[in-house]
Asks: 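Below is one structure. I have some questions about it.
Order of the sequence lines sets the chain letters (A, B, ...), proteins ahead of strands, with each chain counted from 1. Keep in mind it's a predicted model, so treat the numbers as computed, not measured.
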Amino acid sequence: MAAPHDRRILVTSALPYANGHIHLGHLVEYVQTDVFVRFQKLRGHRAIYLCADDTHGTAIMIRARGEGRSERALVAAMREAHLADFDGFQIAFDHYGSTDSDANRRLCDMIWSRLRARGLVVSRDVRQLYDPEAGVFLADRFVKGCCPKCGASDQYGDSCEACGAAYTPADLVEPRSTLSGARPEVRSAEHLFVTLEPLHDFLATWTRSSGAIDPRIANYLAGHFLGEPLRDWDVSRPAPYFGFEIPDAPGHFWYVWFDAPVGYIAATEEWCAARGETLATWWGRGAPNEPPAEIHHFIGKDITYFHTLFWPAMLEAAGLALPTRVRIHGFLTVNGQKMSKSRGTFLLARTYLEHLDPGMLRYFYAAKLSGGIDDVDLDLDEFAAKVNADLVGKVVNLASRTARWLEATGLSAAYPDDGGLFARAAADGAEIAAAYEDCDTARAMRTIMLAADRANAYVDAEQPWKLAKAGPASAARLQDVASVALNLFRQIAVYLAPVLPAFAAQAGALVGGPIRSWDESQRPLTGSPVAPFQPLMKRVEKPHLDALLAAARAEAEREAAARPPTPVPAPAPPPASHSGGPTMTTPPTTGPDSAEPLAAEPLAPECTIDDFTKVDLRVARIVTAEEVPEAKKLLKLTVSFGGDATRTVFAGIKGFHAPESLVGRLVVVVANLAPRQMKFGTSEGMVVAASGAGAPGVYLLSPDSGALPGMRLR
RNA sequence: GGGCCCGUAGCUCAGUGGUUAGAGCAGGGGACUCAUAAUCCCUUGGUCGUGUGUUCGAAUCACACCGGGCCUACCA
């Protein structure tokens with residue numbers, strides 16, 4: 001290890017695929033990585049945390065097609081969602097790129113030409129199933145048919161779930177494309193391969209002796225891949241493919257797994273460009289006066305061989321720095337089982353954020369992760385018990401039971417005799433730091449909680465509440481006791497800061513200011529003012545967990561309902577009895593409102609007041625309302641903003657509101673919406689209405705009586 | 001079928017050759033009342049999966065078996 005403050009540490013998490021939202025399983029890795037990076041920064045090292053969206057490949061292409069938009073539109077939308085989720089969980093990337101970037105294209109090109117120059121690229125024809133209707137080659141999972149061994153129907157192209165037989169898609173009986181239903185044909189196409197066998201010795205040595213990977217993994221690789229000649233790696237896909245076209249092989253695109261890890265470097269380059277640094281500082285192999293940077297990859301066990309064989313092979317061939325360490329973790333289970341949509345345990349990041357504090361999950365993961373590849377189980381009862389006992393009962397309690405006595409006086413001017421408690425916990429810092437360094441956060445958390453236990457015992461023994469009642473004679477002693485307790489509290493907050501950044505900030509606001517350095521755990525504070533105590537964390541209660549699971553289940557059901565590949569028929573118009581207006585369909589509510597509508601449609605990402613004011617909402621009066629006979633859902637309305645300002649608006653409320661009942665009533669209109677040419681005329685605005693899960697219908701909004709057309713909503 | 005990991009108190013785990021095996025949570029009893037029914041003290045609870053070895057000494061090492069998990073499969 002380099003001198004303590006001389007380390008340059010580049011850290012990555014695996015790139016999330018732009019085909020889906022972030023869930024709690026992903027977050028095991030991002031939390032683990034973020035904790036590691038925050039720890040390194042707190043220790044004063046130069047650490048950067050880089051990640052990116054993984055955007056290319058067939059799955060994205062197919063999904064974009066299905067949604068009737070471009071791949072880039074899909075990818076851009078998913079990026080926003082990913083970033084909002086990460087932000088919610090306090091995952092602090094130094095840069096978050098995309099594999100669909102200019103930097104990535106250039107770097108892929110660079111690495112590719114170096115592979116070419118070393119003669120590692122070979123070309124060969126591959127016979128693959130082709131969907132003549134969709135016009136694409138089919139990956140194994142896009143083909144279904146009957147198992148050639150046992151005849152089971154509806155099996156995927158690689159293996160049979162019924163009898164376990166393995167085969168190739170071409171072996172399937174009565175194969176069909178899951179994209180179009182067409183019968184695939186076998187076609188031959190040229191593919192480009194990276195031949196890895198020339199790097200066999202290098203990989204055998206590197207996996208075994210570089211220290212980058214756990215010996216157990218090295219053994220697995222040795223047995224599984226390195227015990228025989230390495231197979232060539234197929235890195236190209238014929239058009240059409242969403243990705244980068246290979247410059248010296250027109251019509252061929254780099255396979256998504258080729259350009260994905262290069263995204264680590266591309267993100268670094270973008271980060272460097274923004275700060276005037278050079279890429280070689282991080283991915284170069286070092287110089288006499290500049291040793292190479294440390295590179296730490298955090299990944300899940302499912303992508304082990306990409307990161308321990310292909311990736312180092314690419315880096316070696318390209319003359320770039322090799323990973324210092326590949327950290328492999330297991331999967332997440334919930335209540336002891338795989339996350340399951342039908343059980344309601346498929347928990348999306350944003351669903352969690354709507355119900356619970358992200359810090360609690362960060363702590364729970366930290367308390368569970370010990371650096372190994374075992375799966376992590378999120379048992380919700382255990383989660384609640386652990387978070388409540390440790391964070392609320394022990395740590396937060398320390399401040400909440402003593403801070404009030406120091407609001408007036410601040411901390412004692414000299415650190416009082418505490419029987420060696422602070423010094424002991426300060427000495428524990430070395431062990432805690434070693435555990436963090438090792439990604440054994442479970443050990444770190446255990447050690448920290450022991451300090452919290454000792455601190456609470458101290459408070460009990462000193463009985464500051466009695467000192468408080470004893471009056472001025474005991475004031476100095478009271479201040480001393482509380483000063484010790486708050487110092488021990490802040491010391492713990494420093495140790496927990498990598499895991500609980502928001503909590504650490506609040507602790508700093510209470511006493512001592514922002515926590516900037518690990519060293520702050522080594523010296524007690526004296527004389528500092530103490531702010532009024534604010535609640536730092538709420539206990540997890542059963543209803544919170546029940547609501548979370550209910551929301552997850554509702555989400556899964558909503559998604560399942562939206563999934564059928566055949567176009568969903570337009571909803572049939574409801575019975576005419578619904579058309580009398582909003583009052584008829586809304587029974588008075590007595591008990592608590594259902595959680596269903598919100599659960600089914602989680603809140604959108606946060607926006608600013610500026611975002612909101614871009615939308616000009618006005619009160620308007622409906623002047624005319626008429627049926628559009630050919631339209632299934634639309635009514636044609638003329639609305640007035642007062643005076644002679646009127647607009648023609650098509651509103652999707654047919655069947656829920658009789659036209660004649662609408663004339664004269666006040667509604668809310670998006671007044672500055674861009675005009676939209678529709679089949680039946682131009683719509684010059686949008687009438688605001690509510691709809692969602694839990695009840696059918698579309699509900700118009702009405703202002704309180706007295707509002708005038710043209711008034712703005714704000 | 002093969003490989004790897006795990007099996008310690010009701011639960012989650014620490015302890016990996018050396019005094020009567022530990023912690024947190026849960027259970028029981030008590031104290032306190034400052035604190036988010038939080039905290040503190042005492043306490044119940046384990047033939048350390050089973051068996052056989054190695055050793056002066058085994059939860060810890062070896063072998064076999066039983067049970068669980070992960071990975072991978074007519075190739076390690």
Side-chain angles (χ1 to χ4, degrees), chain A residues 149 158-160 163-167 204 207 214-231 300-305 328-333 335-338 357 360 364 367-407 431 435 440-470 474 478 481-482 485-486 488-489 533-541 544:
Chain A
K149 281 230 173 88
D158 50 355
S159 65
C160 175
C163 72
Y167 42 80
T207 54
D214 185 298
R216 278 173 295 189
I217 304 294
N219 279 339
Y220 156 80
L221 295 171
H224 209 86
F225 299 99
L226 294 166
E228 60 189 63
L230 291 165
R231 273 171 282 190
K301 63 187 179 185
D302 53 325
I303 54 177
T304 295
Y305 70 103
I328 304 172
H329 61 79
F331 295 148
L332 178 73
T333 56
N335 291 338
Q337 293 178 294
K338 273 187 191 170
D357 177 350
M360 293 172 170
F364 186 78
K368 280 279 180 181
L369 289 166
S370 53
I373 60 170
D374 300 324
D375 289 352
V376 174
D377 185 43
L378 172 60
D379 179 286
L380 289 172
D381 292 330
E382 186 194 346
F383 168 78
K386 187 139 198 81
V387 165
N388 289 340
D390 289 359
L391 295 182
V392 182
K394 292 178 182 177
V395 178
V396 169
N397 188 229
L398 209 47
S400 90
R401 67 193 303 200
T402 56
R404 50 185 298 220
W405 289 307
L406 296 172
E407 277 181 37
E431 181 192 335
D440 189 352
T441 46
R443 173 187 287 275
M445 297 307 108
R446 273 200 309 274
T447 309
I448 295 168
M449 287 309 138
L450 290 178
D453 284 339
R454 293 193 299 265
N456 274 306
Y458 168 86
V459 175
D460 260 74
E462 298 298 329
Q463 305 185 321
W465 54 93
K466 287 195 175 162
L467 299 171
K469 282 181 185 149
S474 302
L478 174 63
V481 169
L486 264 201
L488 296 173
F489 167 74
F533 179 78
Q534 307 285 337
L536 296 171
M537 200 172 286
K538 272 189 290 184
R539 300 173 65 76
V540 184
E541 307 287 358
H544 298 143

Asks: With sequence neighbours excluded, tell me which residues meet side chain to side chain donor-acceptor pair (under 3.5 Å) with A/His544.
Replies: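 In terms of side chain to side chain donor-acceptor pair (under 3.5 Å), with neighbours along the sequence ignored, A/His544 is linked to no residue.
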Asks: For A/Arg401, enumerate each residue passing the side chain to side chain donor-acceptor pair (under 3.5 Å) test, keeping only those at least two apart in sequence or located in another chain.
Replies: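 Here the qualifying residues are A/Asn456, A/Asp460.
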Asks: How far does the C1' atom of B/A9 sit from the matching atom of B/G15, given to the nearest Å?
Replies: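 B/A9 and B/G15 have their C1' atoms separated by 14 Å.
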Asks: Mapping A/Thr402 and A/Arg231 onto RNA chain B by nearest heavy atom, which one lands closer to the 5' end?
Replies: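 Here A/Thr402 is the residue nearer the 5' end.
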Asks: Please state the C1' separation for the pair B/U47 and B/U8 - nearest whole angstrom.
Replies: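 Straight-line distance between the two C1' atoms is 12 Å.
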Asks: In chain order, what residues pass the side chain to side chain donor-acceptor pair (under 3.5 Å) check against A/Asp381, with sequence neighbours excluded?
Replies: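 With neighbours one apart ignored, the set is A/Lys542.
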Asks: Could you check whether A/Lys469 gets within reach of a base, just the sugar-phosphate, or nothing at all, counting any heavy atom under 4.0 Å?
Replies: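 Contact class for A/Lys469: sugar-phosphate only.
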Asks: Can you tell me which stems RNA chain B forms when a stem means 3 or more consecutive Watson-Crick or G-U pairs under 3.5 Å?
Replies: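 Counting only runs of 3 or more consecutive pairs, the stems involving RNA chain B are B:1-7 with B:66-72, B:10-13 with B:22-25, B:27-31 with B:39-43, B:49-53 with B:61-65.
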Asks: Can you list the residues that meet the ring pair (Phe, Tyr, Trp, His ring centres under 6.0 Å) rule with A/Phe331, with sequence neighbours excluded?
Replies: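 Checked A/Phe331 against ring pair (Phe, Tyr, Trp, His ring centres under 6.0 Å); zero matches.
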Asks: Taking the C1' atom in each of B/C13 and B/A21, what is the distance between them to the nearest angstrom?
Replies: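 After rounding to an integer number of Å, I get 14 Å for this pair.
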Asks: On RNA chain B, check which nucleotide each of A/Tyr220 and A/Leu450 is closest to and give me the residue with the more 5' one.
Replies: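 Looking at the nearest nucleotide for each, A/Leu450 comes out on the 5' side.
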Asks: In whole angstrom, what separates A/Ile328's CD1 from B/C4's C1'?
Replies: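 Distance, rounded to whole Å: 13 Å.
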Asks: Between B/C25 and B/C42, how many Å separate the two P atoms, rounded to a whole number?
Replies: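 After rounding to an integer number of Å, I get 13 Å for this pair.
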Asks: Test of understanding: with side chain to side chain donor-acceptor pair (under 3.5 Å), list the residues that count as partners of A/Asn219, not counting sequence neighbours.
Replies: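 A/Arg208.
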Asks: Could you pull out the closest heavy-atom pair between A/Gly336 and A/Asp377, with the gap in Å?
Replies: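 Closest approach of A/Gly336 to A/Asp377, heavy atoms only: N-OD1, 2.6 Å.
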Asks: Has the side chain of A/Asn388 got a donor or acceptor atom that lies under 3.5 Å from a matching backbone atom of A/Arg539?
Replies: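 No; zero donor-acceptor contacts below 3.5 Å.
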Asks: How long is the line joining CD of A/Glu228 and C1' of B/A73, in whole Å?
Replies: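 Rounding to the nearest Å, CD of A/Glu228 and C1' of B/A73 are 13 Å apart.
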Asks: Got a sec, which residues hit ring pair (Phe, Tyr, Trp, His ring centres under 6.0 Å) with A/Tyr220, two or more places apart in sequence or on another chain?
Replies: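 Counting only residues at least two positions away or on another chain, A/Tyr220 forms a ring pair (Phe, Tyr, Trp, His ring centres under 6.0 Å) with A/His224.
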Asks: Residues two or more places apart in sequence or in another chain: which of them pass salt bridge (Lys or Arg N to Asp or Glu O under 4.0 Å) with A/Lys301?
Replies: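 Partners of A/Lys301 under the salt bridge (Lys or Arg N to Asp or Glu O under 4.0 Å) test: A/Asp375.
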Asks: Between B/C11 and B/G51, how far apart are the two C1' atoms, rounded to whole Å?
Replies: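 Approximately 28 Å lies between the C1' atom of B/C11 and that of B/G51.
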Asks: I'd like to know if the side chain of A/Asp374 reaches the main chain of A/Gly330, judged simply by a donor and an acceptor atom lying under 3.5 Å from each other, with no hydrogens or angles considered.
Replies: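 No; judged by distance alone, with no hydrogens or angles, the pair does not exist.
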Asks: Show the distances under 3.5 angstrom between N or O atoms of the protein and N or O atoms of nucleotides 9-16 of chain B.
Replies:
| from | atom 1 | to | atom 2 | distance (Å) |
| --- | --- | --- | --- | --- |
| B/U12 | O3' | A/Lys368 | NZ | 3.2 |
| B/U12 | O2' | A/Glu382 | OE2 | 3.3 |
| B/G15 | OP1 | A/Arg443 | NH2 | 3.2 |

Asks: Starting at atom CG of A/Asp214, determine the distance to atom C1' of B/C70, rounded to an integer number of angstrom.
Replies: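 Answer to the nearest Å: 14 Å.
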Asks: Which letters describe nucleotides 36-45 of chain B, given B = protein heavy atom under 4.0 Å from base, S = only from sugar-phosphate, - = neither?
Replies: B-SBS-----
Asks: Could you tell me how far B/C6 sits from B/U60 if I compare only their C1' atoms? Round to whole Å.
Replies: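 Looking at atom C1' only, B/U60 and B/C6 are 15 Å apart.
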Asks: Write down the distance separating the P atoms in B/U39 and B/C48, rounded off to the nearest Å.
Replies: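 Per the computed distance, 32 Å lies between those P atoms.
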Asks: Keeping to residues at least two apart or across chains, list the ring-ring contact (aromatic ring centres under 6.0 Å, His included) pairs with something in residues 373-405 of chain A.
Replies: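 Residue pairs passing ring-ring contact (aromatic ring centres under 6.0 Å, His included), neighbours aside: A/Phe364-A/Phe383.
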Asks: Would you list the pairs meeting salt bridge (Lys or Arg N to Asp or Glu O under 4.0 Å) in which at least one residue belongs to residues 215-230 of chain A, sequence neighbours left out?
Replies: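 For residues 215-230 of chain A: A/Asp214-A/Arg216.
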Asks: Sticking with atom C1', work out how far B/U16 lies from B/G22, rounded to a whole angstrom.
Replies: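 After rounding to an integer number of Å, I get 14 Å for this pair.
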Asks: Which is true for A/Asp375 with a 4.0 Å heavy-atom rule: it touches a base, it touches only sugar-phosphate, or it touches nothing?
Replies: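 It contacts sugar-phosphate atoms only.
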